[in-house]
Amino acid sequence: MSLFFLLLCIPSLSNAHSPDFRRMPPNPFLRRSNVPPEGYYNPLDKGGSMLTQVPVTFPAGLGEPLNAIISGFSDSDVLKDQETDGGLRNYFLSFGYSSECLGQHLGDDQAANLGDGNGTKNETAVIRWNYGDPQLGSCRETIEGGGHFRFWVQDGDDADSGALFLAVSYELPLSLQHDIIPNGYNLGRDWMIGNATSQSSLIPTTELTNASTYSGQTSFDGYTYQTDVKYVSGLLSNSSNGINHYLSVGTNGAPAIDGLIAVMQVKIVSRPEKSSTIRISPPQSLRLLSCLYALVAVAPLLSLSL
Ligand SMILES: *[C@@H]1O[C@H](CO)[C@@H](O)[C@H](O)[C@H]1NC(C)=O
Ligand SMILES: *[C@@H]1O[C@H](CO)[C@@H](O)[C@H](O)[C@H]1NC(C)=O
Ligand SMILES: *[C@@H]1O[C@H](CO)[C@@H](O)[C@H](O)[C@H]1NC(C)=O
Ligand SMILES: *[C@@H]1O[C@H](CO)[C@@H](O)[C@H](O)[C@H]1NC(C)=O
Ligand SMILES: *[C@@H]1O[C@H](CO)[C@@H](O)[C@H](O)[C@H]1NC(C)=O
């Protein structure tokens, strides 16, 4: 197990000469002309599913709900998977979520079929609550648990909406194998939406209906985003059927998920006068140091779980 963590540090060194994701050419998500009125295509219409595929579950074949969607009517800049120009990763940062710890990808990929003709695809990325620290906070989430989500883009030729489908949940610490907290799909979704719409109080999860809406603004690196959220029913069922960790997630006799999906429409309402160039990714030497630091921090947890 500790060997595993040491191995995590190796890419910090070996990647020293490869470009990080922000310098790679962005995925060319073009502005779509045929986005349906909902802002996405229903994956179920063309053989897809609103549940992810988790590699190993007991019993086999369980999945996690795709319980939030960033609508294809969002600004095309927001739908671009990049941190520059107010892109998707900068939007995530505006409400406290960062890309994975030190660029390390931890854990098994989940897969999803969005019914867009591309078939079953691994997640594009895992994004984690950063505890107020855009650079290193997602490391803390990996170790201590917390809010996180995986996302996929619906851009195949059969359903090219450009919408993003998110599987959001709130997980327990690494030492507890990252299980999901009780009611952790609904709560993870609503805490994320609470942050993305700058709510001053918690969204009342048990009172939500398919008529609930929330709106608010967030900012990062000079970009301000307006997020309008509408909860919709009908795509996911209000039940525990097929839901991973359903036994521990369902509480007080309620099913593991309430069947609601938060559909987010995101607009950039202001931009910096001249695009600034904040580099949130620490330099290589700092990465290595932090990785060693993380090892020391995680050591007591490991001895606990051994
Ligand atoms: C998806 O991820 C798994 C590891 O989690 C990997 O074994 C598999 O090759 C990946 N599939 C694709 C198509 O990249
Ligand atoms: C889906 O297919 C389209 C068209 O072939 C391609 O441009 C796009 O990159 C694919 N998306 C993913 C997530 O693989
Ligand atoms: C924002 O997210 C954090 C971490 O998940 C959570 O503790 C907090 O309650 C959320 N805020 C709102 C308003 O939901
Ligand atoms: C909203 O939910 C109610 C009760 O579950 C249902 O009857 C109605 O059809 C739903 N409306 C929409 C627009 O999905
Ligand atoms: C889900 O079903 C439960 C009963 O199992 C019900 O109390 C609750 O109101 C339903 N929630 C939604 C959002 O429809």
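All heavy atoms count here, side chains included; hydrogens, waters and symmetry mates do not. Note that ligands are numbered from 1 as they come in the structure, with each ligand's atoms numbered from 1 the same way. Please read all numbers here as calculations on a predicted model, not as lab measurements.
Listed by chain and residue number, the protein contacts of ligand 5 are L208, N238, P255, D258, L260 (heavy atom within 4.0 angstrom).
Heavy-atom contacts of L202 reach the following atoms of ligand 3: 9 (O), 12 (C), 14 (O) (cutoff under 4.0 Å). Ligand 3 places these atoms under 4.0 Å from at least one heavy atom of Y170: 5 (O). Per-residue contacts place Q199 under 4.0 angstrom from the following atoms of ligand 3 (heavy atoms of the residue considered): 13 (C).
Not one N or O of S201 is nearer than 3.5 Å to an N or O of ligand 3, by distance alone.
Checked for salt-bridge contact, E83 and R89 miss the test: no charged N lies under 4.0 Å from a carboxylate O. Salt bridge status for K267 with D77: absent, with no side-chain N to carboxylate O gap under 4.0 Å.
Of the heavy atoms in N122, only side-chain atoms (C-beta onward) come closer than 4.0 Å to ligand 1.
The aromatic rings of F149 and F151 sit tilted, their planes meeting at an angle between 30° and 60°.
Of the options N210, D190, N67, a side chain to side chain contact (heavy atoms under 4.5 Å, CB included) to Y231 is made by D190 and by none of the others.
Residues E64 and T52 bring no donor and acceptor atom of their side chains to less than 3.5 Å of each other.
With sequence neighbours left out, Y170 forms a ring-ring contact (aromatic ring centres under 6.0 Å, His included) with W191.
Judged by the 6.0 Å and 45° rule, R140 forms a cation-pi pair with Y131.
Atom CG of N252 sits in a sparse spot, with 12 or fewer heavy atoms from other residues, nucleotides or ligands closer than 6.0 Å.
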